[in-house]
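Comments concern the structure below.
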Amino acid sequence: MTKAIKSSGKICLKAKVCDLERTLLGGQSFRWRKLCSEPEVKYCGVALNTYWELTPEKDHIAYDAHVADNTAAKINFTALLSDYLRADFDLELQQKNWMQADENFKKFVGQPVRILAQEPLENIICFMCSQNNNIKRISSMVQWLCSTYGNKIGHFNGQDEFSFPTLKDLQGGRTCSQLDAELRAAKFGYRAKFIARSLTEIEKLGGLDWFEQLRRMPYAEAREALVQLPGIGYKVADCICLMSLNHLQSVPVDTHIFKLAQRHYLPHLASQKSVTSKIYEEIAQHFQQLHGQYAGWAQAVLFCADLPQFQPKLEPSAAKKRKK
DNA sequence: AATAGACCTGAGTA
DNA sequence: ATACTCAGGTCTA
């Protein structure tokens with residue numbers, strides 16, 4: 001029976017530059033949920049082996065952090081959370097730059113979305129699950145993965161919370177094809193084999209050390225290294241570069257960005273049915289040139305703006321129009 | 001080198 | 001009710 005250890009504090013991030021709703025529930029991480037206990041709204045979830053409850057205030061974000069009691073040593077949770085939310089990044093300044101360079105951008109800047117600094121293994125597995133899939137189902141797959149292979153942190157607000165499994169947790173005595181079979185049985189579909197095989201590869205390449213190397217490499221090289229893994233194409237590689245390897249110029253081109261580019265940025269692509277590799281590069285480069293060294297962050301703003309869950313409520317007829 | 005089709009699953013539409 | 005489409009794509013023929 002593990003008992004969680006709790007620590008509270010706050011980090012300096014004004015509401016004006018951090019919308020937790022979009023940042024945490026907008027398809028970057030799949031492990032956060034919103035808890036409404038009337039006047040208060042909290043965002044709860046696990047990141048960095050810690051269960052967090054975040055309460056946005058006007059001038060800061062208050063947190064409760066919980067870790068399993070077998071966790072060694074003291075942890076500086078304030079520093080941990082600041083890094084996770086990239087509190088040092090001056091979003092106001094960048095939004096100004098993006099709006100200046102991009103006429104369309106104003107239309108999409110709603111609430112301030114932040115790019116999270118996530119852990120590579122979680123990021124890789126989650127986005128291997130993301131292919132041809134939707135956020136809701138991805139979340140439930142990830143939830144299953146954590147409760148099956150992760151370690152329990154504690155019981156909060158009516159449910160057990162688990163850390164994201166390590167490479168060891170996932171392999172632990174299992175062969176590649178055993179893990180494949182288990183994931184298949186858990187409805188991971190054709191992604192099961194990709195995940196099982198990629199984990200084997202990652203282990204061979206050096207695990208966490210390999211991730212460190214990818215961080216230090218130039219973006220283009222890290223990207224090329226990632227697409228060598230089975231089940232990872234350029235889109236997922238770009239998500240990983242952006243979200244957990246600190247390559248903020250990486251622009252993942254998914255179906256939302258593709259449609260948005262067709263409609264607002266590159267009208268000559270309007271007749272294109274799907275994203276070929278050539279078109280992928282064209283769109284990515286367009287946004288990189290337009291938005292500069294943090295183009296991936298700007299992409300996240302556009303992506304969130306296009307998510308149905310974050311769109312202003314429209315009349316059904318208008319909603320239909322928007323779809324096309 | 002470039003392009004269709006297949007691919008697991010499940011929620012939403014027609 | 002039953003089929004079809006779509007979702008943060010990738011791989012292969």
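The sequence lines fix the lettering, A, B, ..., with proteins before strands; numbering per chain opens at 1.
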Exercise for the section: Decide whether A:E119 and A:N49 meet the rule of one side-chain donor and one side-chain acceptor closer than 3.5 Å. Expected result: no
Exercise for the section: Inspect the surroundings of CG in A:L167 and state if more than 12 heavy atoms from other residues, nucleotides or ligands are less than 6.0 Å away. Expected result: yes
Exercise for the section: Give, ordered by number, those residues of residues 226-243 of chain A having at least one heavy-atom distance below 4.0 Å to an atom of DNA chain C; if nothing qualifies, reply none. Expected result: A:L229, A:P230, A:G231, A:I232, A:G233, A:Y234, A:K235, A:V236, A:M243
Handout entry: Contacts of type salt bridge (charged side-chain N to carboxylate O under 4.0 Å, His left out), residue A:E203, not counting sequence neighbours
Key = none
Exercise for the section: State which residues pass side chain to side chain contact (heavy atoms under 4.5 Å, CB included) with A:C176; sequence neighbours excluded, sorted by chain then number. Expected result: A:A196, A:R197, A:T200
Exercise for the section: In whole angstrom, give me the gap between the P atoms of B:dT13 and C:dG8. Expected result: 14 Å
Exercise for the section: May I ask you to decide if the ring planes of A:Y51 and A:H66 are parallel, tilted or perpendicular, using 30° and 60° as cut-offs? Expected result: tilted
Handout entry: Residue list, side chain to side chain contact (heavy atoms under 4.5 Å, CB included) with A:T23, at least two apart or on another chain
Key = A:Q28, A:L85, A:V113, A:R114, A:L116
Completion exercise
The complete set of ring-ring contact (aromatic ring centres under 6.0 Å, His included) pairs with one or both residues in residues 105-126 of chain A, sequence neighbours excluded, reads A:W98-A:F105, A:F105-A:H291, A:F108-A:H264
Completion exercise
When A:T276 and A:R184 are each assigned the nearest nucleotide of DNA chain B, the 5'-most assignment goes to A:T276
Handout entry: Separation between the C1' atoms of C:dT5 and B:dG5, rounded to whole Å
Key = 16 Å
Problem - Pairing of A:E161 and A:K152 as salt bridge, 4.0 angstrom limit - result: no
Practice task
Could you check whether A:F194 gets within reach of a base, just the sugar-phosphate, or nothing at all, counting any heavy atom under 4.0 Å?
Solution key: sugar-phosphate
Problem - A:D180: partners by side chain to side chain donor-acceptor pair (under 3.5 Å), with sequence neighbours left out - result: none
Exercise for the section: Provide the distance between the two P atoms, one in C:dT2 and one in B:dC8, to the nearest whole Å. Expected result: 25 Å
Handout entry: Rounded P spacing from C:dC4 to B:dC7 in Å
Key = 16 Å
Handout entry: Cluster overlap A:I153 with A:F162, hydrophobic side-chain contacts below 4.5 Å
Key = no
Exercise for the section: Check DNA chain C against residues 131-142 of chain A and give the residues with a non-hydrogen atom under 4.0 Å, in numerical order. Expected result: A:Q131, A:N132, A:N133, A:N134, A:I135
Exercise for the section: Enumerate the residue pairs fulfilling side chain to side chain donor-acceptor pair (under 3.5 Å) with a member in residues 55-65 of chain A, sequence neighbours excluded, ordered by first and then second residue. Expected result: A:S8-A:D64, A:Y63-A:T78
Completion exercise
Within residues 283-294 of chain A, the residues having a heavy atom closer than 4.0 Å to DNA chain C are none
Handout entry: Sub-6.0 Å ring centroid separation between A:F188 and A:F194
Key = no
Handout entry: Rounded C1' spacing from B:dA2 to C:dT10 in Å
Key = 16 Å
Completion exercise
Under a 4.0 Å heavy-atom criterion, DNA chain C is touched by chain A from C:dA7 to C:dC11
Handout entry: Listed once per pair and sorted, the side chain to side chain donor-acceptor pair (under 3.5 Å) pairs that draw on residues 230-244 of chain A, sequence neighbours left out
Key = A:N123-A:S244, A:Y219-A:D238, A:R223-A:D238, A:E224-A:Y234, A:D238-A:S250, A:D238-A:Y280
Handout entry: Separation of atom NZ in A:K193 from atom C1' in B:dA6, rounded to whole Å
Key = 14 Å
Exercise for the section: Tell me whether the centres of the aromatic rings in A:Y149 and A:F164 are closer together than 6.0 Å. Expected result: no
Practice task
Return the stems involving DNA chain B, sorted by first number, where pairs are Watson-Crick (N1-N3 with N6-O4 or O6-N4) or G-U wobble (N1-O2 and O6-N3), both under 3.5 Å, and runs are 3 or more long.
Solution key: B:3-7 with C:9-13, B:9-14 with C:2-7
Exercise for the section: Find the distance A:D180:CG to B:dC8:P and express it as a whole number of Å. Expected result: 11 Å
Problem - Atom CD of A:Q159 with >12 non-hydrogen neighbours under 6.0 angstrom - result: yes
Completion exercise
From the list A:Y84, A:F77, A:Y43, side chain to side chain contact (heavy atoms under 4.5 Å, CB included) with A:W52 holds only for A:F77
